[in-house]
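None of the values given here were measured: they were computed from a predicted structure. Keep in mind that the numbers below use all heavy atoms, side chains included, and drop hydrogens, waters and symmetry copies.
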Amino acid sequence: GAVVSQHPSWVICKSGTSVKIECRSLDFQATTMFWYRQFPKQSLMLMATSNEGSKATYEQGVEKDKFLINHASLTLSTLTVTSAHPEDSSFYICSARRLAHLYNEQFFGPGTRLTVL
Amino acid sequence: QQQVKQSPQSLIVQKGGISIINCAYENTAFDYFPWYQQFPGKGPALLIAIRPDVSEKKEGRFTISFNKSAKQFSLHIMDSQPGDSATYFCAAGGVYGGSQGNLIFGKGTKLSVKP
């Protein structure tokens, strides 16, 4: 159990376009979903935290108008990179925390590789 | 107070040997310490986690040792195998989420197990 999927697994887009990444918890309901960004050979950088039905909480330095997060249901969160530029190229990973679960266990998706040309 | 310092940055171990990765945290409010394993191009996978009420937790070949007074915890991989070659991240946060709920990750350790 505790499987998280992401779609797409990779995407290449032109500069100036918008890209939507989906994160789904497949076999559990997630109270909270997290979006991370990871540069090559580096650690996970938390971008934002989203709770179902609420506005996302963004980390300092993350542009909320550029990285739009929607958490419409207990099993789906989306990250939209608006007007993408080459510097937005990165590995984006989501994680989900189980509803009513005692511990702060986060289960990660497989990640989405975004390349902006 | 929000940093988690992880060492070493990289580690090479012979097959059958013991791999040891160390982490130190600063925030005494943290009470949940998971370790994640990540293979190239994949998302991190929860490996094992510990709370401060115990000093050690073992799951198969993986053991977490926890020293509350020193604010340090470590991952030991016994009988290391080539399939264990991956990047390992330690993390720290609040066990029940909330204001302390976000996990703070270490910078990662790239483990290579030589056959």
Practice task
Going by the ring-ring contact (aromatic ring centres under 6.0 Å, His included) test, name the single residue among A:Tyr36, A:Phe108, A:Phe107 that passes it with B:Tyr36.
Solution key: A:Phe108
When clusters are formed by joining ILVMFWY residues with side-chain heavy atoms under 4.5 Å apart, either directly or through shared neighbours, do [X] and [Y] land in the same one?
{"X": "B:Phe73", "Y": "B:Phe62", "result": "yes"}
{"X": "B:Val4", "Y": "B:Ile20", "result": "no"}
{"X": "A:Phe28", "Y": "A:Met33", "result": "no"}
{"X": "A:Leu117", "Y": "A:Tyr92", "result": "no"}
{"X": "A:Phe34", "Y": "A:Leu79", "result": "no"}

Practice task
Heavy-atom pairs under 4.5 Å with chain B are the metric here; pick the option from A:Ile93, A:Val4, A:Leu44 that has the most.
Solution key: A:Leu44
Problem - Greatest number of heavy atom pairs closer than 4.5 Å to chain B - which of A:Gln38, A:Lys41, A:Gln42, A:Arg113 - result: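 Top option by heavy-atom pairs under 4.5 Å: A:Gln38.
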Fill in the blank from the handout: Under 4.5 Å to a heavy atom of chain B? For A:Gln6 that would be neither
Problem - Proximity breakdown for B:Gln38 and chain A, heavy-atom pairs closer than 4.5 Å - result: side chain
Handout entry: Atom group of B:Pro44 that falls short of 4.5 Å from chain A, counting heavy atoms
Key =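 Both parts, heavy atoms under 4.5 Å.
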Problem - Proximal to chain A - members of residues 104-115 of chain B, heavy-atom separation under 4.5 Å - result: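 So far as heavy atoms go, B:Phe105, B:Gly106, B:Lys107 are the residues that approach chain A to under 4.5 Å.
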Exercise for the section: For atom CD of B:Gln9, decide whether the heavy atoms of other residues, nucleotides or ligands shown that lie under 6.0 angstrom number more than 12. Expected result: no
Practice task
Might you confirm whether atom NE2 of A:His85 has over 12 heavy atoms from other residues, nucleotides or ligands at distances under 6.0 Å?
Solution key: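 Yes.
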Exercise for the section: Measure the spacing between CD of A:Glu105 and CG of B:Leu46 and express it to the nearest 0.5 Å. Expected result: 5.5 Å
Problem - Neighbours of chain B found in residues 45-71 of chain A - heavy atoms under 4.5 Å - result: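 A:Leu46, A:Thr49, A:Glu59, listed by number.
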